[in-house]
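Okay, structure first, notes after.
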Amino acid sequence: MPELPEVQTVVNYLQPSISRENIQSLESPNRYYAVLENGSPLDYNNFLIGKKIKSVSRRGKYIILNLNSGYLLIHLRMTGKVLLEKPDPENMKYVSFQLNFSDDSSLFFHDVRKFGRIYMSKKLDWLENKLGVEPLSNEFTPNWLYKHLKYHKRMIKPLLLDQKFIAGLGNIYIDESLWESCIHPRTQSNNISQNRSNQLSCSIINILRKAISYNGTTIINYSYGINNSGNFSDKLHVFGKTNFPCPRCNTLIVKNFVAQRGTHFCKKCQKY
DNA sequence: ACGAATGTTGCGGG
DNA sequence: ACCCGCAACATTCG
């Protein structure tokens with residue numbers, strides 16, 4: 001269930017290996033056509049056949065296949081995986097989208113829970129309009145964060161989950177960032193001091209960078225390619241550590257629900 | 001055995 | 001503006 005580092009890991013996996021030949025055909029092996037977010041199978045055919053993938057990139061949690069004309073986007077949501085090798089027969093029932101290239105290679109979109117979606121579009125303006133700042137871009141500075149925390153009056157965790165605020169953060173990396181910067185997940189954003197805000201921006205950047213360098217976090221079912229797992233799970237301090245001692249003060253980590261999401265934190269380090 | 005939880009997002013309602 | 005509850009879906013866990 002991928003966040004920015006996991007999506008970046010998938011992009012890094014696809015970029016050197018995905019076919020640059022013509023798209024010859026597409027299909028939905030399990031006939032789950034709802035995977036096509038904005039058009040009918042015929043629309044996707046008309047848009048894709050004969051086009052080539054030039055490069056692969058990322059914006060927020062979206063994978064962007066840059067075509068010679070237009071874009072094909074993939075959002076993995078909870079359990080989506082992009083594979084360049086054909087899955088086992090028993091796994092084909094989870095493949096809701098398949099692209100076939102003229103060099104006989106294919107791309108498979110495997111998605112157990114079927115929340116993932118494929119988008120086609122000529123331009124990316126709609127994406128820019130729905131996503132906020134990239135946390136690993138030059139635009140995301142300590143001053144940017146402090147200014148925008150002041151501008152909103154929301155609990156910090158739901159604010160950070162909002163993709164229109166910062167694009168790419170999810171439950172794991174938010175819990176980790178708030179722990180590292182000693183901020184309680186329910187703190188009102190406009191009440192966070194400049195000092196804490198600076199620490200938070202620093203934590204977000206460092207944690208995301210480090211997680212990418214470890215190929216992301218594999219807890220239950222995230223992997224990239226057929227079966228490569230990320231190794232950042234060993235580096236987690238609070239996520240999934242309920243009743244384990246806080247690495248900073250030894251107080252037991254608690255799990256509460258904030259914004260309907262399981263939220264892990266240290267009651268002593270992260271004062272409300 | 002069955003209800004609850006799972007790393008995501010979008011909607012409607014107050 | 002912001003928060004909440006719930007929906008999409010399948011599998012695993014207690």
Side-chain angles (χ1 to χ4, degrees), chain A residues 1-10 28 30-38 58-63 73-81 90-97 109-119 126-127 129-132 148-179 185-191 207-208 211-212 214-224 229-243 255-265:
Chain A
M1 304 172 205
E3 306 178 29
L4 187 153
E6 291 73 35
V7 176
Q8 186 63 52
T9 300
V10 174
S28 177
N30 66 1
R31 293 189 282 173
Y32 186 71
Y33 295 106
V35 71
L36 305 175
E37 174 70 23
N38 57 343
R58 179 191 63 71
R59 177 76 169 93
K61 299 177 193 171
Y62 290 78
I63 298 163
L73 286 77
I74 303 174
H75 198 301
L76 306 173
R77 293 285 188 100
M78 295 286 269
T79 54
K81 300 179 188 194
E90 64 268 27
N91 268 308
M92 283 305 287
K93 67 171 180 290
Y94 299 121
V95 176
S96 47
F97 184 77
F109 181 63
H110 177 285
D111 187 18
V112 172
R113 290 181 68 182
K114 299 190 172 93
F115 294 160
R117 292 292 183 266
I118 313 282
Y119 307 70
W126 60 275
L127 192 63
N129 289 334
K130 72 187 276 168
L131 295 180
H148 289 268
L149 290 185
K150 278 274 172 253
Y151 181 76
H152 291 279
K153 291 183 179 165
R154 297 175 65 178
M155 288 187 289
I156 186 65
K157 172 146 183 179
L159 181 58
L160 295 177
L161 281 166
D162 186 346
Q163 302 297 297
K164 192 154 185 154
F165 184 60
I166 299 175
L169 300 180
N171 217 19
I172 296 181
Y173 298 107
I174 291 171
D175 282 5
E176 292 296 313
S177 302
L178 291 175
W179 175 81
R186 306 191 81 104
T187 309
Q188 293 281 316
S189 58
N190 56 317
N191 289 335
I207 289 169
L208 293 177
I212 292 171
Y214 281 87
N215 289 326
T217 302
T218 297
I219 291 177
I220 303 166
N221 49 23
Y222 162 79
S223 64
Y224 60 98
S229 32
N231 298 311
F232 194 73
S233 37
D234 304 339
K235 309 292 169 197
L236 297 174
H237 295 296
V238 287
F239 190 87
K241 303 292 184 189
T242 314
N243 290 328
K255 179 180 177 184
N256 284 175
F257 277 85
V258 178
Q260 287 95 242
R261 312 292 298 278
T263 298
H264 313 74
F265 61 100

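Reckoned from all heavy atoms, side chains included, excluding hydrogens, waters and symmetry mates. A, B, ... follow the sequence lines: proteins, then strands. Residue 1 opens every chain.
- Distances were taken from every side-chain heavy atom of A/Arg77 (C-beta onward) to each of B/dT6, C/dC4, B/dT9; the shortest belongs to B/dT9.
- Checked against A/His264 for a side-chain contact (heavy atoms from CB on, under 4.5 Å), the options A/Asp175, A/Ile172, A/Asn256, A/Leu178 give a single hit: A/Asp175.
- Annotation: of the two residues near DNA chain B, A/Tyr119 and A/Arg113, the 5′-most nearest-nucleotide partner is A/Arg113.
- Put simply, A/Phe115 rests on the base of C/dA8: the two rings are less than 5.5 Å apart at their centres and nearly parallel, under 30°.
- Close to C/dC3, at under 4.0 Å from its OP1 or OP2, lies a side-chain N or O of A/Arg154.
- In this entry B/dC2 has C/dG14 as its Watson-Crick or G-U wobble partner, both defining distances falling under 3.5 Å.
- Among the nucleotides B/dT9, C/dA8, B/dT6, the one closest to any side-chain atom of A/His75 is B/dT9.
- Distances were taken from every side-chain heavy atom of A/Glu3 (C-beta onward) to each of C/dT11, B/dT8, B/dT6; the shortest belongs to B/dT8.
- Residue A/Lys153 places no side-chain N or O under 4.0 Å from the OP1 or OP2 atom of C/dA1.
- Across all strands shown, C/dC9 forms no Watson-Crick or G-U wobble pair with both key distances under 3.5 Å.
- The NE2 atom of A/His110 lies 12.5 Å from the CG atom of A/Leu76; values are rounded to the nearest 0.5 Å.
- Checking B/dT8, C/dC2, C/dA10 against the side-chain heavy atoms of A/His152 singles out C/dC2 as nearest.
- Side-chain N/O atoms of A/Gln163 include none lying less than 4.0 angstrom from OP1 or OP2 on B/dT8.
- You'll find that the side chain of A/Lys255 is closest to B/dA5, out of C/dC3, C/dC9, B/dA5.
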